[in-house]
Engineer: 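The following block contains the structure, expressed as structure tokens.
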Amino acid sequence: MKELESIDLKILKEYYPLLEKLISLDELLWLNPSLEPFKTGINKCPLSQKDVNDAEERLKRFAPYIAKVFPETEKTNGIIESPLAEIPAMKQSLEQTYNQPIFGELLLKCDSHLPISGSIKARGGIYEVLKHAEQLALKHKLLTTEDDYAILDSQKFRTFFSNYSIAVGSTGNLGLSIGIMSAKLGFKVTVHMSADAKQWKKDLLRSKNVQVIEYEADYSKAVEEGRLQAEQDPTCHFIDDENSTDLFLGYAVAASRLQKQLEELEITVDEDHPLFVYLPCGVGGGPGGIAFGLKLLFQDHVHCFFAEPTHSPCMLLGLMTGLHEQISVQDIGIDNITDADGLAVGRPSGFVGKTIEPFLSGSYTVSDEELYKLLKELADTENIYLEPSALAGMIGSIKLYKEGSEYLQKHLLTEKMTSATHIVWGTGGNMVPEEMMKQYYQKGLDLMLED
Ligand SMILES: *Cc1c(COP(=O)(O)O)cnc(C)c1O
């Protein structure tokens, strides 16, 4: 990885006055000056709809296998998908709390309730494992793409896959997805966990025969170590959260699924009905892939915003300075310590940053305290329980209306907002143990009582 010799903070601050606010850990909204009309942006992009379609087809081939080995996916015929929910009571609560009307519809995409691993990582993470398994099986002539992939659920295939290993570095949720899926297929699997990773995630993985290696350091270190160890072993496939196009494409498949759900709810997205999507961002692959997929389908009618903790705004920093993976939040004196463990990433993916740059509308930061309060409020109003990271998108529409009028004016959206749809991407939470969730809720309650 390339790194700057040294970051001259004084010069950076002169160029990017917003940095001061970022360093002060104040919440802020940044609008992306590199946003381009879709048609010009896509011309520079090495990935296309064809790549996303290929990923979607692959997931369909695996559906009979998934339905067989994960019975909770039977009702969707082995397609791993989450509900899109209306959250009117939460909307009302947000409007009151922030004293700000939210024009348009507010919906929650419940990736928190994705089957198998209960987070957004059940998209990209599982997809990459499946793709790798397919490639190995095809290469060894054990499988053809015409077969019913349910045959993968057999001792023969598990024995075959046990000759290969898979490794990944993670703050927790990616490890869960990769670990559960790889172990199910029969792979040997090692998850390198950062210090943020929760104990219950490590315990769960170990109970499934996944090797878990723990680090005192943060996510970037866990990935680096994992990559190094995997390089020593030619039979090991390293799932590279910082650079993988497969992960990215697995996430991007979400877009066509969402399009169908919007149609079912009779929600239009077009010139006069803009769609706004707020995506919690860690290293960038999940939100980046989904935003990319959405731009391919809805082009200039969809407006994607990333959301990051005030203590881990790595993607915002990389995009704003144009330095991408060459700068980390630690370089500017931010500690990367947040309770939003899924977002506790100090250095962004350069691949995602550069790919998403022409398509992203903006990015904002949110404090941990705010995440807890939103967690409590969503539980009270809609009886939906998310993990702290997953609440980062919940404040997006408020940020947009309060601080983004320049964006709305520039894109001639101000008059159209009563016909807008806002989607909050709820990225995780369903697997959190009850006791832990109670503590999260209590924390939100305590913070509210302090106000
Ligand atoms: C991983 C994760 C994200 C962000 O995905 P990245 O690919 O790391 O940007 C958001 N929310 C939750 C709950 C996550 O686990």
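Numbers for residues simply follow the sequence, beginning at 1. Read the numbers this way: they start at 1 and go in the same order the structure lists the ligands and their atoms. FYI, side chains are in, hydrogens and waters are out, and symmetry mates aren't considered; it's all heavy atoms of this structure.
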Engineer: Which residues satisfy the ring-ring contact (aromatic ring centres under 6.0 Å, His included) test with F351, sequence neighbours excluded?
Structural biologist: F248
Engineer: What I want to find out is whether K109 reaches E81 closely enough, with some N-O distance under 4.0 Å, to be called a salt bridge.
Structural biologist: yes
Engineer: Under 3.5 Å, N/O to N/O: give me all the pairs between ligand 1 and the protein, one per line with atom names and distance.
Structural biologist:
unit_1	atom_1	unit_2	atom_2	d
ligand 1	7 (O)	G285	N	3.2
ligand 1	7 (O)	G286	N	2.7
ligand 1	8 (O)	V283	N	3.1
ligand 1	9 (O)	G282	N	2.8
ligand 1	9 (O)	V283	N	3.3
ligand 1	9 (O)	G284	N	2.7
ligand 1	11 (N)	T427	OG1	2.7
ligand 1	15 (O)	K121	NZ	2.7
ligand 1	15 (O)	N173	ND2	2.7

Engineer: Can you say whether the rings of Y164 and F187 are parallel (under 30°), tilted (30 to 60°) or perpendicular (over 60°)?
Structural biologist: perpendicular
Engineer: Flag the pair E325 and R347 as a salt bridge only when some basic side-chain nitrogen lies within less than 4.0 angstrom of an acidic carboxylate oxygen.
Structural biologist: no
Engineer: Applying ring-ring contact (aromatic ring centres under 6.0 Å, His included), name anything that partners H237, two or more places apart in sequence or on another chain.
Structural biologist: H132
Engineer: Output all residues satisfying ring-ring contact (aromatic ring centres under 6.0 Å, His included) with Y16, sequence neighbours left out; order by chain, then residue number.
Structural biologist: none
